[in-house]
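Below is one structure, written out as structure tokens; comments come after it.
Values below: all heavy atoms of this structure, side chains included; hydrogens, waters and symmetry mates excluded.
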Amino acid sequence: MSLGEFDLIERFFWRPAGQGPRRAVVGNGDDCAILAPAAGMQLAVSTDTLVEGRHFLSTVDPRRLGHKALAVNLSDLAACGAQPLAFTLALTLPRVDEPWLAGFSQGLLALADAHGCELIGGDTTAGPLSIGITVMGEVPAGQALLRSGARAGDDLWVSGWPGLARLSLEAFRGSLAPSLSGDEFDLARLAMECPTPRVGLGLALRGLASAVIDVSDGLLGDLAHLLRRSRVGARLVLDALPVHPVLATRPLPQQHDCLLAGGDDYELVFTAPAAHRTRILALSDALGLPLTRIGAIQAEPGLQLLQGELDAWPDDDAPPREVPNRWTAFDHFKA
């Protein structure tokens with residue numbers, strides 16, 4: 001017999017005593033969970049939904065999908081400088097597929113355990129496959145990282161290797177010529193299906209960064225959100241962008257498409273005073289994570305894309321050359 005709704009919750013998502021983090025006063029099993037943030041802490045809350053065919057392919061390994069479903073939410077906490085606390089799961093299933101549920105829950109709960117984030121409730125229902133997660137984190141009062149703190153003269157940074165997820169998507173679409181090797185495809189696919197939320201980086205950026213946003217819809221699109229909230233502009237130097245060796249083998253226009261408008265990277269773009277450069281580079285070494293300075297914030301609104309030296313200015317002997325912005329960010333409701 002097929003499992004019923006409450007049977008599948010108990011089998012795949014209920015954590016027995018002594019298994020997994022315990023962060024709630026009252027957790028899974030009541031009409032509401034009850035949380036008590038530590039003294040001096042504020043709650044950071046974020047929600048994301050993943051829909052089959054829109055956010056993930058039907059062929060994705062369910063373990064990786066479970067990981068990604070939580071990872072994209074933890075990425076929002078990272079951008080806020082918040083420590084993960086708990087999450088809820090709303091899962092819509094076309095049918096009860098026990099092997100799929102076993103893999104999905106394993107991937108989901110393994111990442112939750114790694115970040116001390118307790119599953120405290122949710123909902124299951126029948127319908128087209130979609131996954132909705134609301135995540136909660138803690139941040140010391142007044143210390144949350146926001147999009148609105150960038151100031152003229154700040155440096156512009158990005159973490160990790162953006163662009164690989166988009167490269168994987170193009171490989172699935174069959175649009176790459178030449179195609180990726182098997183090893184290259186596996187690496188790019190891992191970036192798309194199993195992203196690493198930069199929680200440790202977000203926590204370490206408290207007191208260093210002036211503004212932060214995570215990259216979900218493409219570097220340029222998400223950077224534009226930060227600039228609007230901060231009421232500033234930016235100079236972004238294309239030659240300064242970090243290019244992973246796999247992406248570096250592709251034609252330059254394709255590199256730029258993946259880097260600037262790829263999305264699904266879940267890296268952090270952040271700004272920080274120039275006086276913090278040494279500390280940020282030391283943080284990069286400590287985390288074993290590339291942190292790359294890619295431009296600067298300016299008072300004049302708008303985003304300038306430049307080619308040339310990172311610190312070159314228009315009156316230098318070799319001034320940077322402005323590049324037209326032909327890229328658009330992903331939008332669910334725009335063609």
Side-chain angles (χ1 to χ4, degrees), residues 44 75-76 78-82 139-160 162 198 201-243 256 259-261 263 265 267-284 289-329:
S75 182
D76 287 331
C80 197
V139 61
Q143 294 186 34
L145 300 171
L146 304 175
R147 301 176 181 181
S148 55
R151 298 292 179 264
D154 284 354
D155 291 333
L156 179 63
W157 298 78
V158 67
S159 69
R198 303 302 186 187
L201 173 61
L203 295 174
L205 286 177
R206 293 198 310 233
L208 281 179
S210 52
V212 187
I213 190 170
D214 80 322
V215 181
S216 56
D217 296 328
L219 193 155
L220 291 188
D222 289 313
L223 174 58
H225 297 317
L226 184 152
L227 298 179
R228 279 194 294 271
R229 290 299 299 270
S230 293
R231 298 183 179 181
V232 293
R235 304 166 69 248
L236 189 152
V237 181
L238 300 182
D239 298 330
L241 290 168
V243 184
H256 287 160
L259 285 163
L260 300 174
D265 294 311
E267 298 292 352
L268 298 185
V269 169
F270 61 96
T271 62
H276 290 169
R277 286 179 191 173
T278 300
R279 293 175 63 189
I280 291 171
L281 293 175
L283 176 60
S284 175
L289 173 67
L291 300 177
T292 306
R293 187 165 60 94
I294 59 173
I297 299 300
Q298 56 193 17
E300 182 181 354
L303 177 61
Q304 284 185 296
L305 301 182
L306 304 173
Q307 283 190 319
E309 294 294 327
L310 180 61
D311 294 315
W313 291 91
D315 56 352
D316 290 346
D317 292 336
R321 178 173 64 86
E322 188 161 1
V323 177
N325 186 354
R326 60 177 178 82
W327 295 275
T328 57

* Indicate yes or no for a side-chain donor-acceptor contact from Arg206 to the backbone of Gln143 under 3.5 Å, with no hydrogens or angles considered. => no

* When you measure from the side chain of Thr271 to the backbone N and O of Asp155, does any donor-acceptor pair fall under 3.5 Å? -> no

* Asked: Can you name the side chain to side chain contact (heavy atoms under 4.5 Å, CB included) partners of Ala44, sequence neighbours left out?
  -> Leu77, Cys80, Ala82

* **Partner set under side chain to side chain contact (heavy atoms under 4.5 Å, CB included) for Arg231, not counting sequence neighbours** => none

* side chain to side chain contact (heavy atoms under 4.5 Å, CB included) partner of Val323, chosen from Leu236, Leu306, Leu238 -> Leu238

* Salt-bridge contact Arg293-Asp311 (side-chain N to carboxylate O under 4.0 Å) -> yes

* Structure fact -> Applied to residues 145-154, the side chain to side chain donor-acceptor pair (under 3.5 Å) test, sequence neighbours excluded, yields Asp154-Ser210

* What class does the angle between the rings of Trp157 and Phe270 fall in, given that below 30° is parallel, 30 to 60° is tilted and above 60° is perpendicular? -> parallel

* Structure fact -> dist His256:NE2 -> Leu305:CG (nearest 0.5 Å) comes out at 9.5 Å

* To do: Quick one: pull up CG in Asp214 and CG in Leu226 and give me the separation to the nearest 0.5 Å.
  => 11.0 Å

* Atom pair CG (Leu145) and CD1 (Ile213), whose distance is rounded to the nearest 0.5 Å -> 12.5 Å

* Is there a side-chain contact between Leu283 and Leu201 (heavy atoms, below 4.5 Å)? -> yes

* To do: Could you point out which residue of Leu268, Leu223, Asp222 forms a side chain to side chain contact (heavy atoms under 4.5 Å, CB included) with Val215?
  => Asp222

* To do: To the nearest 0.5 Å, tell me how far His276 NE2 sits from Leu205 CG.
  => 11.0 Å

* Asked: Has the side chain of Asp217 got a donor or acceptor atom that lies under 3.5 Å from a matching backbone atom of Gly263?
  -> no

* Measure the spacing between CD1 of Ile294 and CG of Leu241 and express it to the nearest 0.5 Å. => 5.5 Å

